[in-house]
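I have placed the structure first, in the form of structure tokens, so that the comments after it can refer back to it.
On a predicted model such as this, the values are computed, not experimentally measured, just so you know.
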Amino acid sequence: MPDTQKVYKVKGEKLVPVNRFNLEPAAPVTVLGKNVIGKRSVVVAHPVVQSIEMKKGIIPLFKTKKEYTPFIENVEQFNEGSKFKAHEDNRVQMGFPQIQITPYKQTLFYYENVFDADGNIKGYMGKVLVGYKLSKSRSRLQQNIDLSLSQATLQLKISDDETTLINGIIHHDSNYIEFNLKDEAVKIAFTNLITQIEDLQCSIDLYFEFKGYTEVKFRPIISLSPITALRKDLSKDIIKKANAQGKLKVSTLNFRKSNVIRAKAANVKVADKKVKMSLPKETETIVKSTYIYKHNQTLNFNLSSGLFKTLNNEKVEANPFRLNNVFSEFQQIYMTAFPFDTLTIYKSTLQPNTFLIVPKKYFIARTSDDFSPCVEISFFANVESSQEELSKVVFDFAIGPDFSGFDSAKLELELKRNRFLDDESDIRFLFPNDLPDAEIEITGNNLLQNAMVVKDGKYYQLNYETESLRDSNLLFNALQNGISQYANLNFIYKEIKDSSIIDTNINKTIGNAIEASLDNDKKTITLENFSLSDCILSDMVVRDESKEVFFNQTFFQTFPVLKSSESKEITYDAINTLLDNRTLNSIELKYEIVEDIQKEIATQVSQDSDLRRYISVLIDSQPKEVERIQLDVEVVNSQSLFNFETLKEDLKDPLKRAFNFSFIIPGKQNSQNINYSIKYFDENYNLIKITTKSLNYSESATLRIPGLMS
């Protein structure tokens, strides 16, 4: 897992970790996993370090209670008895509060029978209820750290070496946690709670979030916008060698930013297209981050304690269950509304209304703040020497599942319609990342399968390093120009083996591009497109305060395209006349982003960089007998090969008859040519004509494909 506490960069007016994108926060249990199970208390850095505003906030005048935040010196030496100085006042000593876990209102466990149509018992429904309480601060100079419970899990022991996790529902207003169980989980939980064998007793994990300040060191490369910090683990050897020669060049490509590096620092001088630089000294700064404090406690009480009851508040005085040692934790279900090529759905046999979702496609994700693709490419190279071992290209990007909020709302409706729900409680969707014991691997792509993979909520972050210009050309071209690289994303969990497809096409990014805001006073919905591309809306799902669902697909059949930076207002009654007198709580949209590569990625002419070249391909109109065109390109300098294919339906669209591709070149150039061949095919895939040519990319950045008869 990348070290998020040592290296940061400036993004606008926020300080954010290098190689961490602003995605939805990851679940604590997902990132901690097996490594911390068994420890009573542990503190780790949050998997998603939040962006911290560098501006000073305005303190309200009416605020009477002074809040203190701990100053963290060494996160690895934390325990429940650790003491810290307050960042606001070093005289104040801070520590973790005592955490007391007790049965909630004298009821720890209760269950009820579930009957079939003939009146026979077909299963069980049950709950485990625990209350939690944090001790108060002792004095003004002895303050407790302000903890906020973010997640709770119940670890049920199926056997002495097998554990399953049950996610809890946190009721912050009453300070208790509810764990819903069904069938075999009811039996296992009851046995765990009353057994006298320590290896078979269940335990509860509480994950608390808290804010803390810490001092970090980072070394900026050059003053760019945004400033990029150099990762110590990726570049230590390169820096050591290249600094001695004074020949280091570092280029960072940030999507939606200009790819031209404009040096502003005084220690960077440009002459004859050769960049020489001295690395700045390490800088210390204090940043505010989010941490997770995990507390573990065994749950075990005698059967005679009176804490075990039935639904009718009758005490359970003997074990009414017979355990089934062989069972499946998830069972696959099928619905015609979600075909196999889009989604695999598994229903939990332990938790009611809990479903494991395996989206069959993963795409590059967008950040949650500025909606830009989560891709960063760094190039470390010695531009004057022929020593290829000094060149290194680092790719960092995040992929997310093709499962939007609209898809989630639609799935809920289909589950209710097909009667897959156990009761009227809330529905919970799990992703493969939510299963700590699931094995993840990438196959089918010799580049991506060598990448380091980090779980991040429902996303995966991939880090791939290479010293091969040929390999970096292929992946660089795929990420920057919309030419897909595919791979298989496989995961294994107990009896489940499933796989998804990774598509790195930048034209198919995943994430919100439209922000929808509700105004229940004016009864209006405001839609604003924050993407750089236009969006076509096709459907909408809204929920009112009673969780009733409304939608209107026909409304958007005549709705105009929502252009970039454009906002439109819709009235409630336009969606549904029944909404005029209702209060809406949520809204989910279905839309298509009409990506425009020219806008999404700032492309420059070929002379803009010593490390990269951009080629614009222009396809002239073709006669009707041409069904497809194939373009094969070889970069002579690096022997990199590229293949492009355009179909007849694409040739009808003038926007699709032009595209860009780019490639990386070695520092020492023996040739400045690319060789290419153009193949014309008819509808039966017969080769009509082949043309072979060469292009000097130092003289022209345009490759034209003429018409067949030209």
Does one side chain, of [X] or [Y], offer a donor that lies under 3.5 Å from an acceptor on the other?
X      : Y      : answer
Asn175 : Tyr104 : no
Thr509 : Arg366 : yes
Ser500 : Asn488 : no
Asp573 : Thr571 : yes
Thr298 : Asn300 : no
Gln155 : Asp205 : yes

Inset, instruction - Among Ile364, Asp402, Ile399, find the one that has a side-chain contact (heavy atoms from CB on, under 4.5 Å) with Ile510. - result: Asp402
Legend entry - Option passing side-chain contact (heavy atoms from CB on, under 4.5 Å) with Ile166 (candidates Leu181, Ile204, Val128, Thr153): Leu181
Inset, instruction - Taking the six-membered ring for Trp and the single ring otherwise, decide whether the centroids of Phe355 and Phe420 are under 6.0 Å apart. - result: no
Legend entry - Distance flag, aromatic centroids of Tyr207 and Tyr293, threshold under 6.0 Å: no
Looking only at heavy atoms, what is the nearest atom pair of [X] and [Y], with distance?
X      : Y      : answer
Pro352 : Met125 : CB-CE, 3.6 Å
His295 : Phe208 : CB-CE1, 4.5 Å
Thr163 : Asp437 : O-OD2, 4.4 Å

Inset, instruction - With salt bridge (charged side-chain N to carboxylate O under 4.0 Å, His left out) as the test, would you mind laying out the steps for Lys309 and Glu112 before giving the verdict? - result: CA-CA 9 Å; Lys309 301 176 183 179; Glu112 57 184 290; over 6 Å; no
Inset, instruction - Could you please spell out the steps behind the salt bridge (charged side-chain N to carboxylate O under 4.0 Å, His left out) verdict for Asp407 and Lys590? - result: CA-CA 8 Å; Asp407 296 327; Lys590 182 179 181 180; over 6 Å; no
State the [atom1]-[atom2] distance between [X] and [Y], to the nearest 0.5 angstrom.
X      : Y      : atom1 : atom2 : answer
Ile492 : Glu439 : CD1   : CD    : 5.5 Å
Leu165 : Leu156 : CG    : CG    : 8.5 Å
Asp519 : Thr524 : CG    : OG1   : 4.5 Å
His172 : Leu149 : NE2   : CG    : 6.0 Å
Phe308 : Leu108 : CZ    : CG    : 5.0 Å
Glu528 : Ser564 : CD    : OG    : 10.0 Å

Treating [X] as the side-chain partner and [Y] as the backbone partner, does any N or O pair qualify as donor plus acceptor under 3.5 Å?
X      : Y      : value
Lys523 : Arg582 : yes
Asn192 : Leu200 : yes
Asn433 : Tyr459 : yes
Thr349 : Glu329 : yes
Asn418 : Leu415 : no
Asp118 : Asn120 : no
Asp422 : Asn353 : yes
Asn319 : Phe321 : yes
Ser328 : Gln331 : no
Asp116 : Lys122 : no

Inset, instruction - Evaluate the side-chain contact (heavy atoms from CB on, under 4.5 Å) criterion for residues Asn180 and Glu178: first the C-alpha distance (whole Å), next the side-chain angles of each, then the deciding distance (0.1 Å), finally the verdict. - result: CA-CA 6 Å; Asn180 293 313; Glu178 173 184 355; 2.9 Å; yes
Inset, instruction - Run through Tyr110, Phe109, Tyr124, Tyr111 and flag the one making a ring pair (Phe, Tyr, Trp, His ring centres under 6.0 Å) with Phe190. - result: Phe109
Inset, instruction - Go through the steps for Tyr591 and Asp539 under the test side chain to side chain donor-acceptor pair (under 3.5 Å), then give the verdict. - result: CA-CA 7 Å; Tyr591 53 86; Asp539 208 345; over 6 Å; no
Legend entry - More than 12 heavy atoms of other groups within 6.0 Å of Glu495 CD: yes
Legend entry - cation_pi(Lys133, Tyr176) dist<6.0 Å, angle<=45: no
Inset, instruction - Any chance you could lay out the side-chain contact (heavy atoms from CB on, under 4.5 Å) test for Leu527 and Ser567, step after step, and finish with the verdict? - result: CA-CA 5 Å; Leu527 306 177; Ser567 62; over 6 Å; no
Legend entry - Residues Glu162, Lys494; criterion salt bridge (charged side-chain N to carboxylate O under 4.0 Å, His left out); working and verdict: CA-CA 11 Å; Glu162 187 175 2; Lys494 296 183 179 179; 3.6 Å; yes
Legend entry - Parallel, tilted or perpendicular: ring planes of Phe559 versus Phe555, cut at 30 and 60 degrees: tilted
Legend entry - Salt-bridge criterion met for Glu566 and Lys568 (N-O under 4.0 Å): yes
